[in-house]
Amino acid sequence: MTLWTGSGLFNIEIGQVVMIAIGFLLLFLAIRKGFEPLLLVPIGFGGILANIPEAGLALSAAENAIHMAKPEVLAALASALDVSYQSGQVVTAEVMDAFKYAYKEASSAELAMANGLAQDFGYGNGMLYNFYTVVIGSTVGPLLIFMGVGAMTDFGPLLANPKTLLLGAAAQFGIFGTVLGAALLDWLGILDFTILEAAAIGIIGGADGPTSIYVSSVLAPHLIGAIAVSAYAYMALVPMIQPPIMKALTSPEERKIKMSQLRPVSKQEKIIFPLVVLIAVVLFLPDAAPLLGMFCFGNLMRECGVVERLSDTAQNALINIVTIFLGLSVGSKLMADKFLDPQTLGILGLGIVAFGVGTASGVLMAKLMNKLSKEQINPLIGSAGVSAVPMAARVSNKVGLEANPQNFLLMHAMGPNVAGVIGSAVAAGVMIKLLS
Amino acid sequence: MTLWTGSGLFNIEIGQVVMIAIGFLLLFLAIRKGFEPLLLVPIGFGGILANIPEAGLALSAAENAIHMAKPEVLAALASALDVSYQSGQVVTAEVMDAFKYAYKEASSAELAMANGLAQDFGYGNGMLYNFYTVVIGSTVGPLLIFMGVGAMTDFGPLLANPKTLLLGAAAQFGIFGTVLGAALLDWLGILDFTILEAAAIGIIGGADGPTSIYVSSVLAPHLIGAIAVSAYAYMALVPMIQPPIMKALTSPEERKIKMSQLRPVSKQEKIIFPLVVLIAVVLFLPDAAPLLGMFCFGNLMRECGVVERLSDTAQNALINIVTIFLGLSVGSKLMADKFLDPQTLGILGLGIVAFGVGTASGVLMAKLMNKLSKEQINPLIGSAGVSAVPMAARVSNKVGLEANPQNFLLMHAMGPNVAGVIGSAVAAGVMIKLLS
Amino acid sequence: MTLWTGSGLFNIEIGQVVMIAIGFLLLFLAIRKGFEPLLLVPIGFGGILANIPEAGLALSAAENAIHMAKPEVLAALASALDVSYQSGQVVTAEVMDAFKYAYKEASSAELAMANGLAQDFGYGNGMLYNFYTVVIGSTVGPLLIFMGVGAMTDFGPLLANPKTLLLGAAAQFGIFGTVLGAALLDWLGILDFTILEAAAIGIIGGADGPTSIYVSSVLAPHLIGAIAVSAYAYMALVPMIQPPIMKALTSPEERKIKMSQLRPVSKQEKIIFPLVVLIAVVLFLPDAAPLLGMFCFGNLMRECGVVERLSDTAQNALINIVTIFLGLSVGSKLMADKFLDPQTLGILGLGIVAFGVGTASGVLMAKLMNKLSKEQINPLIGSAGVSAVPMAARVSNKVGLEANPQNFLLMHAMGPNVAGVIGSAVAAGVMIKLLS
Amino acid sequence: MNDLMSQAVDLMIAGMGFVFAFLVVLVFATLLMSKLISRFAPPEPATPARTPRAKPKAPASVDPDTAEAIKKAIAQFRSRHKK
Amino acid sequence: MNDLMSQAVDLMIAGMGFVFAFLVVLVFATLLMSKLISRFAPPEPATPARTPRAKPKAPASVDPDTAEAIKKAIAQFRSRHKK
Amino acid sequence: MNDLMSQAVDLMIAGMGFVFAFLVVLVFATLLMSKLISRFAPPEPATPARTPRAKPKAPASVDPDTAEAIKKAIAQFRSRHKK
Ligand code: NA
Ligand code: NA
Ligand code: NA
């Protein structure tokens, strides 16, 4: 009997069915459509695991104990969580809600006590809960990914043409425009958001996975699932989202502009550039230090030439290990009660706005720069400022080739592309500074 | 003087000498005899380290403090652990036992307090204690190994002939038969076991290392050393244990049965199969979700073809790192007071019974299937249902070749072989569901 | 405004400027001068990150909360840390010092409570603080490096000529002579040291990075930054420090002594040797068990030939991952208030003394052995006993070649070189046994 | 028969029953899956787009130039060998 | 305009302002850096000493002896090929 | 001589004494080990069975077919070279 009453089929809720279907959809998009599979395969799979009924893989020991609702356990938890419940009292839906609410609002001392008690009664933290706590709760996961991305990034094209940093700055308008969009939805009464939630949603416009996960883990952890899925899905859709916007904002002549070949960049410049960025962080924006610090550290390991074995590990074994756990951890937040919410639709809708606004801002900034300077740049590389490395740069190149088959923009677009990574990390630092 | 009174030679106990000798024996078996060296080298070495007198590598800070028995420290611990001991009281053997007993029975809050106090007095957790807590206490170690094994497993032969799943089911009789055997020993008054201990011992019959470690860490952590050693040792002995049983239960004609070549299996089937298993877990056995979930995740990463770098890391760097720590952690449980117990002899004796019963059940199931179906299968592949991948499949092949030098059973035996892995994980889920 | 008052430029202190400059100096030495870059690149970068004003990357949640000094937070912390501060009281410099002092002296229970409260108020542990706690606070980092070093070490030359172990013993005089030097500076009133600090400084003379970090993390964690920097810097300077001493203590004839070719060493000897060392540790010095145990485990994995995949991971992915975190963690201790202290100058001065004394002792021991035995050894290999693998052995070879271009001492010097690693680990065990 | 014995028997019945039930379901689910795939799915699926950051781990240890030269050398050797 | 709206506007102004300020500073810092390097630093820096423990990860999968033989074989092949 | 000084002297005496004692013991233990091995152990031990899961990490980057062809090419080259 226990086997049947404890089975998934007996306990499954409609929300869990929907979320498992969403998990399979993510796997389908990742495997068959090639949507950022490195993240979406673990996220999708983690989402399915998190919604297995009765398994409680994404719940803490105390949450699992509350879910099982044995009266003697609840009585013990009641004292730890300050809920009015006496042993033997009937466990009604209100009682359950009171426990869940109390757990959500508990101080860290109360949480420690409640989880300790639950463990004494034989309940344990779910596997995904542990992964989330270690990898995202501590913020270490996104930072290590960022270190690895730094170790994979070549700043050469940016150094050859530092002006393109401005394109990476302009594209961050996608972030803040989206915050405004969320506020607008709230003002119109369509959806409710706090400023923290609005900011976390905005960061989707950064088009950078680890930055999105880092910011939402700090500002609005309950939205991390929807935000990460939105960010990675739209990054995969960049080849569809960007070209119409790019073409609408540029004339065929502008798209044909040929850019002069990039000058060669010396080894020393590449070594010193991450340190220059680091100094700017030290002086101006300490709150971007974790993200940009690790990014610059990874890049310095890459370029300095004397720690290849560390650089290689940061780009391979370490980033792969962290990616597996990060994906599963993000997936653990794809739970019905948090994801099946109108807010999620809002996040998906605002996400595509974010990418569009960022793309447009980058292109328009390029056109503005052409107005102010003699040296002409092809405005198509402006769209690469949203990040989405290296997809956005490839899109610039492809649209450029359509206008002029001799015009190879790829290397020129890599400059704003990596500038966009720095730009979003700076925007993330500003939002964390002002809001947390 | 401290150097001499603190030396191993001055403090060593006979139990520690015996355990260190057992550690060397395990190293000998692993290195010279090739007994599952990937696990038995770290387990054996960890067993030696855990028994170094006075080093306390496998003890927590509080246990180390109790062992050192300084009166002022004991007085502080007395209040945390609720032992009646006043500062200055003579430290007799009874006092020490009272502290050890109180520590064993302490709630998690008391443990946290006791370990905190011990740290304030300068004691620390032993290295192996930390490894055990992180890798096995959290259950993450065996699960990651299982993920890596999933990423190394090719379900092709199973998919070509799904009926062989039934052979993997039958062989799990080794697990439950052994539980019965343990109960019998208890009934006859030869040894004492609880049902939890009996179940943990039974899982040896699963012939799968990470499953054994996972189940015993959940049901009977104090037996984990003996169970893991027994499981890995008998897996290494499969080429000696299985053939006599296989030959006794089959006629030469049966052993000569030639099986038709396996059909080719498409890429899509391989991708979707782990998801089918996952759905079955979702619907029927949530308690198998951690083990089978990670196994299917590893296999999906392998087959989906878009995350090679993650699959490669899961099969190499990550599984190797976890194996090192898992082995040392299991070794930390090879301490005299827990291992040198008649129960261990019972575990070693029951373990070989478990392998034998599983082998026999698999072979008999194959014969039964031949009775019921026209399509004949060689009963020698039934023994591969015990798991012990890929050793048991090779044994089937070898015994088959002895009967008929043209009869290559290896690929046919791989089906029940991997089915046995799924079967034991399901059995593990059932036992955890019903008993914990 | 928050952006400006929270910026680095507004808040930076002179001490931080100096420490950041020191971080850049370490990077310069590592990258341009090749000073042990695998450690000094992460240490230097970590030092810069730790000194970013207002970022608090190297501080715990409670330390960050105290630094921000919001009255309501301080009031809450006051009760946890037992500081007399009422809500609303003016936050003076004395109040801040009272909080910092109370935090430093707090028991582990008080620390847990204070950090929990700080987290409830939205403060978090700095990234580097977390790294330090996990990697060095738990002592696991240096031990894993040692395991990897063991897996990279070939004991062949030592086994071919075991007498050279004595050279590795003699060179440890550098460690204890430096302790004496520190005591002398204290006696002369030049600097203040405790015996724990003196011992931790002495270990620089072991010329072995992980041993130095391990010992100072146990005996004097506040000095770990200066000690690690000093140890790695002087290891890089071995080619400059050693030759003058070696030449001053030897005659040209001694330097020309040709040594007979080393006998071949069998596989079995290499497999059993780490176990012999382990038995010696078990019998005589349990306190060296963590260091030498992991070292022998790594070496056994290397030599036993049946766990290549584990040995490979220990030598590559795992040691690289740990090196990254260990370096950043050590760098986190390069904070102005701890590093910019006359003690640091003392540590740098004593460090070079340590290397010099160790070098001289090794050479003199070799000359003494030549007096007592017929079989002559070239005293130049004595200097390799300080460790600094494999730099010191190369120095022996180079100085030997200067005296006699046909005299290749490299393999002969590898014996004392690895003996020095064992010797310093033994010395570390003795100091930990007697002092902690 | 004592309590442990009856618990063990219960566990065996429930356990083996469930293991067989689960794997029998899996047999049918697998057969169904294979049938559906062979009917509906294209025999050779379009290779999905590879993720750009997943650069191949094991770089060719021989550079392309050399490799081509080797290939030609081998081809030449073989053509001679046949004669 | 409600409170959230005004917060969002403030955030945008402060955020975009800061992002531009930061990256403009970075443009000038980078230009300055490149100028200083091209003036003061040697165009080709001395290769720094490699750390001894950093043994190459990917060992040559062909042993040196064989490699040399291959090279000679290729050279021989090429010299013949040119004829 | 103050307290720290005397502690340091004590530490040195105990420490160097112990280090030498330990390593002298190790010298004799090592010599004994080598003697025992050369007497009792076979000079070339049977290669222990490899663990099946330990698949080689670095796959041969040249496929066996090619490798053999190369070997032959080299052999041929060498035989010509000697002439
Ligand atoms: Na961006
Ligand atoms: Na099995
Ligand atoms: Na040394």
Side-chain angles (χ1 to χ4, degrees), chain A residues 106-113 134 137-140 143-144 147 151 217-218 268 271-272 274-275 278-294 296-298 300-301 303-314 316-318 320-322 429-430 433-436, chain C residues 2-4 6-12 16-17 20 23-24 27 30-32 34-35 37-42 44-46 48-49 51-57 61 80 112-113 115-120 122 124-128 130-131 134 313 316-321 323-325 327-328:
Chain A
S107 72
S108 57
E110 289 171 335
L111 286 181
M113 209 189 302
V134 172
S138 70
T139 75
V140 75
L143 297 177
L144 292 180
M147 179 176 79
S217 77
V218 173
Q268 288 111 312
I271 296 174
I272 293 174
L275 298 174
L278 182 67
I279 293 172
V281 170
V282 169
L283 294 181
F284 302 116
L285 192 61
D287 289 82
L291 273 176
L292 281 177
M294 290 307 268
C296 293
F297 178 52
L300 180 67
M301 287 199 291
E303 300 295 356
C304 73
V306 289
V307 294
E308 285 99 348
R309 55 153 51 214
L310 301 186
S311 169
D312 174 65
T313 295
N316 290 293
L318 185 53
N320 292 346
I321 291 171
V322 176
V430 172
K433 161 105 268 155
L434 294 178
L435 299 177
S436 78
Chain C
T2 325
L3 283 170
W4 169 237
S7 75
L9 208 52
F10 184 83
N11 289 283
I12 204 159
Q16 292 170 327
V17 174
I20 289 174
F24 281 112
L27 290 178
I31 296 172
R32 287 302 295 269
F35 274 38
L38 288 178
L39 263 294
L40 286 187
V41 167
F45 208 95
I48 298 171
L49 290 178
N51 285 284
I52 298 181
E54 303 303 291
L57 294 182
M113 208 189 301
N115 281 312
L117 278 171
Q119 277 161 23
D120 290 342
N125 291 330
M127 173 182 80
L128 297 177
N130 282 336
F131 290 173
V134 173
T313 295
N316 290 292
L318 184 53
I319 200 173
N320 292 345
I321 291 171
T323 300
I324 291 173
F325 290 112
L328 291 174

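In what follows, chains carry the letters A, B, and so on, assigned in the order in which the sequence lines appear, proteins first and then strands, with residues in each chain numbered from 1. Every heavy atom of this structure was used, including side-chain atoms; hydrogens, water molecules and symmetry mates were not.
For A:L283, the parts sitting under 4.5 Å from any heavy atom of chain C are the backbone and the side chain alike. At a 4.5 Å heavy-atom cutoff, the contact between C:L57 and chain A is made by side-chain atoms alone. Within the 4.5 angstrom heavy-atom criterion, atoms from both the backbone and the side chain of A:V282 approach chain C. Using a 4.5 Å cut-off between heavy atoms, A:I279 touches chain C through its side chain atoms alone. In this structure, no portion of A:S436 lies under 4.5 Å from any heavy atom of chain C. Only the backbone of C:L117 comes within contact range of chain A, with at least one heavy atom under 4.5 Å from a heavy atom of that chain. Interface remark: C:F10 contributes no atoms to any contact with chain A (heavy atom separation under 4.5 Å).
At a threshold of 4.5 Å between non-hydrogen side-chain atoms, the residues C:F325 and A:L144 count as touching. Residues C:I319 and A:T313 have side chains not in contact (no heavy-atom distance under 4.5 Å, counting atoms from C-beta outward). Looking only at side-chain heavy atoms (C-beta outward), C:M127 and A:T139 stay at 4.5 Å or farther from each other. In this structure the side chain of C:F35 never reaches within 4.5 angstrom of the side chain of A:V306, judged on heavy atoms.
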Q: Could you go through the side-chain contact (heavy atoms from CB on, under 4.5 Å) check for A:F297 and C:L328 one step at a time?
A: CA-CA 10 Å; A:F297 178 52; C:L328 291 174; 3.8 Å; yes
Q: Please step through side-chain contact (heavy atoms from CB on, under 4.5 Å) for the pair C:T323 and A:V307, ending with a clear verdict.
A: CA-CA 11 Å; C:T323 300; A:V307 294; over 6 Å; no
Q) Does the pair C:I324 and A:M301 meet the rule for a side-chain contact (heavy atoms from CB on, under 4.5 Å), with working shown? A) CA-CA 10 Å; C:I324 291 173; A:M301 287 199 291; 4.2 Å; yes
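Chain C forms more heavy-atom pairs under 4.5 Å with one residue of A:L275, A:V218, A:D287 than with any other, namely A:L275. Highest contact tally toward chain C, considering only A:P286, A:G293, A:A112, is held by A:P286 [criterion: heavy-atom pairs under 4.5 Å]. Per-residue heavy-atom pair counts under 4.5 Å with chain C were compared for A:V430, A:L300, A:V140, and the maximum is reached by A:L300. Of the listed residues (C:D120, C:L318, C:L9, C:I12), the one with the most heavy-atom contacts under 4.5 Å to chain A is C:D120. Put simply, of C:N11, C:I52, C:L128, C:I20, the one with the most heavy-atom pairs under 4.5 Å next to chain A is C:I52.
Put simply, CE on C:M113 and OG on A:S108 are 10.5 Å apart, with the number rounded to the nearest 0.5 Å. Once rounded to the nearest 0.5 Å, the distance linking CD of C:Q119 with CG of A:L111 reads 10.5 Å.
Each of C:L39, C:L38, C:I321 was evaluated against A:L310; a single residue qualifies, C:L38, per the side chain to side chain contact (heavy atoms under 4.5 Å, CB included) test.
Here the shortest heavy-atom pairing between C:A55 and A:A289 reads CB-CB, 4.1 Å.
In summary, the side chains of C:N130 and A:S138 do not present any donor paired with an acceptor at a separation below 3.5 Å, with no hydrogens or angles considered.
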